[in-house]
Every structure is written in structure tokens, then in C-alpha cells.
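Reviewing the structure listed below.
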Amino acid sequence: MSIEQLNEQIRNCRRCPLWQGATQAVPGEGPIDAKVMLVGQNPGAEEDKAGRPFVGRAGKFLTKTLAENGINRAELFITNIVKHITPGNRKPSADEIAACIPYLLAQIAIVKPKVIVLLGATAKETPRLEGIEYMEIIHPSAAMRFKNMREKFEKQIAELALRLQRLA
Ligand code: URA
């Protein structure tokens, strides 16, 4: 399956009720040969409007922190474990995550990343596949809010930059 076909499936998805409260699905974006995939929780209000992942406040903070460490976000494949906004941006339920996981697995099968970076607790539900390295890091929205988390997040992004250099 091509990424375009997969994105079309995601945009038409009715596997759980979340589509009813969404403007559109947010499949994700990035090069299909990206070495690194970032996985967040679900699109927020800005992402729901734009149809793109991590473009709101947390996304801008993420993009800035990546850039400060020499990482251009356009090099990464960026997506979420759940592809539609949730009501009030609540944490997705176990059923919603289970319904959406096949899309993430299909994205992983196409992109074949070397490293998958899991942003925050919900993204940790991502199945672990052999031959892929996983990094669990703080979600940028938590990093924005708490100084101690921000310091840890900045260290984690610096570590990601080192791994990226080693992969190059
Ligand atoms: N938070 C996420 O987890 N994902 C987004 O796309 C935006 C904010």
C-alpha cells in the first residue's frame, strides 16, 4: 500500500466514533524514508484545523527544540497513536487506541524507521517491533509547562540528535 492510499483510508476512517467530533483526520507527515518516526497522542485543536500533526503550541515548542539541536522536523516522520482529535483533547480510550493502531503499524511498515520516539505516556502503547529502537520521551506539552520536565525533554532531544548523527 502507498502512503497516499493509507492516508486516504485514515481520512475515511470510521473504526471508532472520534471522526464525528473532528474536522478531519490527521494522518501524519514526513519523508517515507525517514530514519526517525515521532509518535504523539492525538491531534489537538490546531492540528484538527490544519490537518497536520504538531502545529499548535506544543508542536511549535517541539519544532523549536528540535531545531536548537540541529534537527529539521521535515526530516522526521511525525504522527500520533490516534489520528482524530478527542473531545476536549482528553486522553484517548483503550478502544480508540486499539482501533487506530493498525494505521500506525501500516505507517511503520512503509517508513521502516530505525528509531521510533514516543512522546508522552499514551504513545507508549505503541507495539514494539523487532529491529527498531524505541525512545520514550516527555511530551512537549508537559515540557512546556514544568521547568524540570523541560530540562529533561531538552536532554532527551539532544540525545535524539546524537542518535540521528550516528544513523547518518
Ligand atoms: N499533541 C499531540 O500529541 N499530537 C499532536 O499532533 C499535537 C499535540
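One-based numbering, in listed order, for ligands and for the atoms of each.
Contact analysis leaves Glu46 out of contact with ligand 1, as no non-hydrogen atom separation drops below 4.0 angstrom.
When atom types are taken as modelled, the side chain of Arg163 and the backbone of Val36 share no donor-acceptor pair closer than 3.5 angstrom.
Ion pairing between Glu46 and Lys60 fails under the 4.0 Å rule for side-chain N and carboxylate O.
Atom CD1 of Ile32 has 12 or fewer neighbouring heavy atoms from other residues, nucleotides or ligands inside a 6.0 Å radius.
Taking distance alone, with nitrogen or oxygen atoms compared against 3.5 Å, Glu47 stays at or beyond that limit from ligand 1. For ligand 1, the polar-atom distance check finds an N/O of Phe54 within less than 3.5 Å of one of the ligand's N/O atoms.
Results of the side chain to side chain donor-acceptor pair (under 3.5 Å) test with Asn42 over Asn89, Thr122, Asp48, Asn80 single out Asn89 as the only residue that passes.
Residues forming a side-chain contact (heavy atoms from CB on, under 4.5 Å) with Met149 (at least two apart in sequence, or on another chain): Ile138, Ala142, Phe146.
Summary of contacts: the protein heavy atom closest to atom 4 (N) of ligand 1 is Asn80 OD1, 2.7 Å.
The atoms of ligand 1 that sit less than 4.0 Å from any heavy atom of Pro53 are 6 (O). Atoms of ligand 1 found under 4.0 Å from any heavy atom of Gln41 (numbered from 1 in listed order, with element): 2 (C), 3 (O). For ligand 1 and Gly40, the ligand atoms under 4.0 Å from any heavy atom of the residue are 3 (O).
Of all the heavy atoms of Asn42, the ones lying under 4.0 Å from any atom of ligand 1 belong exclusively to the backbone.
In this structure, Thr63 and Phe54 have side chains that are not in contact, with every pair of non-hydrogen atoms separated by 4.5 Å or more.
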